[in-house]
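Treat the numbers as computed from the prediction; the structure is a model and nothing was measured. Counting starts at 1 for both ligands and their atoms, in listed order.
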Amino acid sequence: MANNLLQGKKGIIFGALNDQSIAWKTALQAHAQGAEVVLTNAPVAMRMGEIHQLAAQIGGAPVIPADATSVEDLTALFEGAMEHFGGQVDFVLHSIGMSPNVRKGKHYTDINYNWLQTTLDVSAISLHKTLAVAKKLDAIREWGSVVALTYIAAQRIFPDYGDMADAKSLLESITRSFGYHYGVDKKVRINTVSQSPTVTTAGSGVKGFDEFIAYSESMSPLGNADGLACADYCVSLFSDLTRFVTMQNLFHDGGFSNTGVSQEVIGKFAPED
Ligand code: NAI
């Protein structure tokens with residue numbers, strides 16, 4: 001594989017919690033392709049300190065804490081990143097999701113509405129805030145690329161995904177709407193990557209995750225896409241090879257989204273003889 005797809009590019013990566021995180025793997029792959037990176041996560045997520053191991057692995061990347069629901073924190077983040085890079089950034093990865101209702105096992109029909117606000121703010125509106133702050137500060141270079149991670153529960157019901165499904169729908173809508181305005185004004189492109197279920201801290205928080213991942217595996221002609229493959233896909237979207245891709249929801253799921261049923265799954269319903 002080429003190793004200079006992101007040569008000279010500079011980016012901000014949100015959401016690297018530990019070495020399972022999609023953001024963690026994306027930071028490693030982006031660095032391997034020549035990018036310089038600033039890492040960020042919520043201040044509470046930094047207590048474990050693992051992000052500093054990642055920072056060291058990618059050539060001493062700065063780590064700037066920011067709660068992605070805080071416009072103030074996001075402003076300080078973009079200002080800090082531009083100061084560090086000596087100019088604008090080329091790419092941003094939004095790899096953030098959290099639902100108190102899902103975490104606490106609340107049934108979708110009986111959610112706590114204050115927690116729903118938190119789910120939407122953290123998992124979707126944070127993308128709007130990130131983009132609005134970046135645009136005001138003119139922090140992203142022309143033809144720059146923003147990628148946010150999403151899940152197919154935005155289009156189809158997966159009962160245990162709860163109010164995260166609503167957050168993902170909003171996230172994908174913000175991607176289209178902001179993608180239009182940022183595209184017209186600054187030629188910045190914005191896409192979501194709709195990833196297969198992946199073993200991470202956020203992923204494993206969904207009830208029945210092991211069954212879910214096995215079902216998805218058996219419904220995907222290529223099998224589930226893993227976190228590393230997702231990182232590579234994000235790198236391709238940060239690169240100049242995908243310049244005219246914007247406002248899209250891009251499935252990275254081994255074919256799951258276009259499979260009605262697989263032979264393997266139908267076989268489970270065959271009468272035993
Ligand atoms: P993860 O748990 O490693 O990452 C989630 C990140 O969100 C954490 O780093 C956490 O600190 C951060 N976060 C939470 N609240 C925040 C806040 N207020 N401000 C800033 N950051 C905050 O899990 P994973 O799976 O890598 O999640 C990344 C993204 O991928 C999420 O959007 C998730 O919904 C999405 N995704 C995950 C799938 C999976 O099965 N793991 C499948 C499809 C999409």
| task | Name the option, out of A202, S95, S21, that contains the heavy atom nearest to atom 6 (C) of ligand 1. | result | S95
| field | ligand 1 versus K168: contacting region, heavy-atom distance under 4.0 Å | value | side chain
| note | For G97, the ligand 1 atoms with a heavy-atom partner under 4.0 Å come out as 7 (O), 31 (C), 32 (O)
| note | Honestly, for A68 the part within reach of ligand 1 (heavy atoms, under 4.0 Å) is both
| message | Against ligand 1, does S126 come closer than 4.0 Å with any heavy atom? | response | no
| request: Identify which of G15, S196, S70 has a heavy atom lying nearest to atom 8 (C) of ligand 1. | output: G15
| task | Mark yes or no for whether S262, through its side chain, and V265, through its backbone, hold a donor-acceptor pair below 3.5 Å. | result | yes
| query | Taking all non-hydrogen atoms of both residues, which atom of D67 and which atom of P43 are closest, and how far apart? | reply | N-CD, 3.7 Å
| Region of T200 engaging ligand 1 - heavy atom pairs below 4.0 Å | side chain
| Which residue from T130, L149, T150, L171 reaches closest to atom 43 (C) of ligand 1 through any of its heavy atoms? | T150
| said: Please check: side-chain N/O of K187 versus main-chain N/O of R141, any donor-acceptor pairing under 3.5 Å? | reply: no
| message | If the threshold is 4.0 Å, N to carboxylate O, is there a salt bridge linking D163 and K106? | response | no
| query | Do any nitrogen or oxygen atoms of M98 come within less than 3.5 Å of a nitrogen or oxygen of ligand 1? | reply | no
| message | Taking distance alone, with N or O pairs closer than 3.5 Å, would you say I96 contacts ligand 1? | response | yes
| query | Would T150 and N249 count as having a side-chain donor-acceptor pair, cut-off 3.5 Å? | reply | no
| atom 15 (N) of ligand 1: which protein heavy atom is closest, and how many Å away? | V122 CG1, 3.4 Å
| Do any nitrogen or oxygen atoms of Y151 come within less than 3.5 Å of a nitrogen or oxygen of ligand 1? | no
| query | Judging by distance only, is a nitrogen or oxygen of D67 under 3.5 angstrom from one on ligand 1? | reply | yes
| Please state which protein non-hydrogen atom is closest to atom 11 (O) of ligand 1 and give its distance, to 0.1 Å? | N41 OD1, 2.7 Å
| message | Are more than 12 heavy atoms, taken from residues, nucleotides or ligands other than E142, located less than 6.0 Å from that residue's CD atom? | response | yes
| message | Side chain, backbone, both or neither: which applies to T198 and ligand 1 if a contact is any heavy-atom pair less than 4.0 Å apart? | response | both
